[in-house]
Amino acid sequence: MYESITKLLPRLMDSSFGIWHVDTEHKGTEEEPIQMPFFEYDCTVNELRKAIYDFVDDHEEMKLSKYREILEAYGIEWTAESMENANVSSLDGKCVMALMVGTLRGDRFCKGIFLRFLKAGVVTRWIERLKEIDE
């Protein structure tokens with residue numbers, strides 16, 4: 001069921017996740033303003049993000065757009081700490097997907113949270129759990 005996401009696991013484990021772009025060419029004056037630094041995800045991470053959103057669209061019956069309510073029902077708060085420390089070993093696929101959707105949505109408000117979870121291995125742990133569920 002989760003193959004569209006789990007198939008990306010090997011590539012994700014070898015990924016650097018992307019690259020920071022820092023403007024070192026401009027002076028930071030009114031005539032030459034410095035562009036704010038930003039992170040550009042690599043192809044693998046972008047494929048993962050798309051696969052997650054496609055899964056949400058393809059499985060409307062799971063109501064993953066209500067990720068906060070789903071997490072609450074499992075005793076997980078929509079905070080970085082609570083989501084990062086969630087013991088996924090006993091969670092079902094719906095909750096694991098809600099964690100992923102919640103993290104992607106959170107990244108829109110708190111830039112870098114998805115990258116933080118990628119670097120910490122949290123997203124990998126979630127995908128491994130989805131793979132276990134599929135098996």
Side-chain angles (χ1 to χ4, degrees):
M1 176 174 199
Y2 303 102
E3 185 182 304
S4 61
I5 294 166
T6 60
K7 72 179 182 183
L8 297 169
L9 187 59
R11 288 179 41 212
L12 191 63
M13 293 176 81
D14 289 336
S15 174
S16 64
F17 308 124
I19 185 169
W20 276 102
H21 294 277
V22 180
D23 185 353
T24 58
E25 297 176 17
H26 298 95
K27 296 178 183 177
T29 63
E30 192 172 319
E31 297 80 30
E32 283 192 59
I34 294 175
Q35 181 176 351
M36 293 296 292
F38 66 95
F39 191 82
E40 181 180 16
Y41 288 111
D42 66 16
C43 289
T44 302
V45 175
N46 283 329
E47 282 183 52
L48 174 62
R49 292 167 59 187
K50 183 178 180 338
I52 292 167
Y53 282 125
D54 287 348
F55 186 92
V56 171
D57 292 341
D58 294 342
H59 296 276
E60 291 179 10
E61 74 281 1
M62 293 179 98
K63 298 183 179 4
L64 291 167
S65 61
K66 298 185 180 285
Y67 58 89
R68 289 180 79 167
E69 294 168 22
I70 295 167
L71 295 176
E72 254 180 48
Y74 287 82
I76 301 168
E77 296 175 29
W78 190 51
T79 65
E81 186 176 320
S82 182
M83 293 169 69
E84 188 171 4
N85 294 324
N87 179 2
V88 296
S89 63
S90 61
L91 297 179
D92 63 14
K94 181 176 181 175
C95 186
V96 175
M97 286 303 302
L99 286 165
M100 288 210 252
V101 173
T103 303
L104 283 180
R105 300 300 299 160
D107 197 60
R108 297 186 78 183
F109 305 106
C110 182
K111 287 290 183 200
I113 197 70
F114 193 61
L115 178 61
R116 170 183 159 181
F117 280 24
L118 285 164
K119 285 185 171 183
V122 176
V123 174
T124 301
R125 189 170 63 238
W126 294 342
I127 296 172
E128 287 170 342
R129 176 62 183 145
L130 292 176
K131 192 171 183 176
E132 286 175 11
I133 292 167
D134 268 349
E135 292 171 352

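Since the model is a prediction, treat every value here as computed from it, not as a measurement.
N46 and Y41 make their closest contact through ND2-O, 3.3 Å (heavy atoms, listed as atom of the first residue, atom of the second, distance). Of all non-hydrogen atoms in I76 and A86, the two that sit nearest each other are CD1-CB, 3.8 Å. Nearest heavy atoms, I113 versus G106: CG2-C, 3.7 Å. Pairing each heavy atom of F55 with each of M1, the nearest pair is CE1-O, 3.5 Å. Nearest heavy atom pair, residue L8 against residue A51, reads CD1-CB, 4.3 Å. For the pair S16 and D42, the tightest heavy-atom approach, listed with the atom from each and the gap, is N-OD2, 3.9 Å.
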Without placing hydrogens or testing angles, list every side-chain donor-acceptor pair under 3.5 Å for residues 88-102, not counting sequence neighbours.
| residue | atom | partner | partner atom | Å |
| --- | --- | --- | --- | --- |
| S89 | OG | N87 | OD1 | 2.7 |
| D92 | OD1 | Y74 | OH | 3.0 |
| D92 | OD1 | K94 | N | 3.4 |
| D92 | OD1 | C95 | N | 3.0 |
| D92 | OD2 | Y74 | OH | 2.6 |

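Identified under the salt bridge (charged side-chain N to carboxylate O under 4.0 Å, His left out) test for residues 56-75, with sequence neighbours left out: none. Counting only residues at least two apart or on different chains, the side chain to side chain donor-acceptor pair (under 3.5 Å) pairs with a member in residues 102-123 are E84-R116. Note on residues 115-135: pairs passing ring pair (Phe, Tyr, Trp, His ring centres under 6.0 Å), not counting sequence neighbours, are F117-W126.
Atom CG of L9 sits about 11.0 Å away from atom OG1 of T44, to the nearest 0.5 Å. Atom CZ of F17 and atom CZ of F39 lie 8.5 Å apart (nearest 0.5 Å). Put simply, OG on S4 and NE2 on H59 are 6.5 Å apart, with the number rounded to the nearest 0.5 Å. In this structure, the separation between CG on L118 and OG1 on T124 is 7.0 Å, given to the nearest 0.5 Å.
Looking only at distances, a side-chain donor or acceptor of D134 sits under 3.5 Å from a matching main-chain atom of Y2.
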List the steps and the verdict of side chain to side chain contact (heavy atoms under 4.5 Å, CB included) for W78 and M83. CA-CA 7 Å; W78 190 51; M83 293 169 69; 3.5 Å; yes
Kindly determine whether K131 and I127 satisfy side chain to side chain contact (heavy atoms under 4.5 Å, CB included), including the steps that lead there. CA-CA 6 Å; K131 192 171 183 176; I127 296 172; 5.7 Å; no
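In this structure, E32 places its CD atom where more than 12 heavy-atom neighbours from other residues, nucleotides or ligands lie under 6.0 Å away. Atom CD of E132 sits in a crowded spot, with more than 12 heavy atoms from other residues, nucleotides or ligands closer than 6.0 Å.
Donor-acceptor pairing under 3.5 Å is lacking for the side chains of H26 and Q35.
Under a hydrophobic-cluster definition in which Ile, Leu, Val, Met, Phe, Trp and Tyr are linked whenever side-chain heavy atoms come within less than 4.5 Å, directly or via other members, M13 and L130 are assigned to the same cluster. In the hydrophobic clustering of ILVMFWY residues, with side-chain heavy atoms under 4.5 Å counting as a link, F109 and V122 come out together. M36 and W20 end up in different hydrophobic clusters when Ile, Leu, Val, Met, Phe, Trp and Tyr side chains are linked at under 4.5 Å. No chain of hydrophobic side-chain contacts below 4.5 Å, direct or via other Ile, Leu, Val, Met, Phe, Trp or Tyr residues, connects I19 to L115. Transitive grouping of hydrophobic side chains (ILVMFWY, heavy atoms separated by less than 4.5 Å) keeps L104 and F38 in distinct clusters.
Residues D14 and R11 have side chains not in contact (no heavy-atom distance under 4.5 Å, counting atoms from C-beta outward). Within the 4.5 Å cutoff, no side-chain heavy atoms of L64 are placed close to those of I52.
A search for salt bridge (Lys or Arg N to Asp or Glu O under 4.0 Å) contacts involving R125 returns nothing, not counting sequence neighbours. In this structure E128 satisfies the side chain to side chain donor-acceptor pair (under 3.5 Å) test with no other residue, sequence neighbours excluded.
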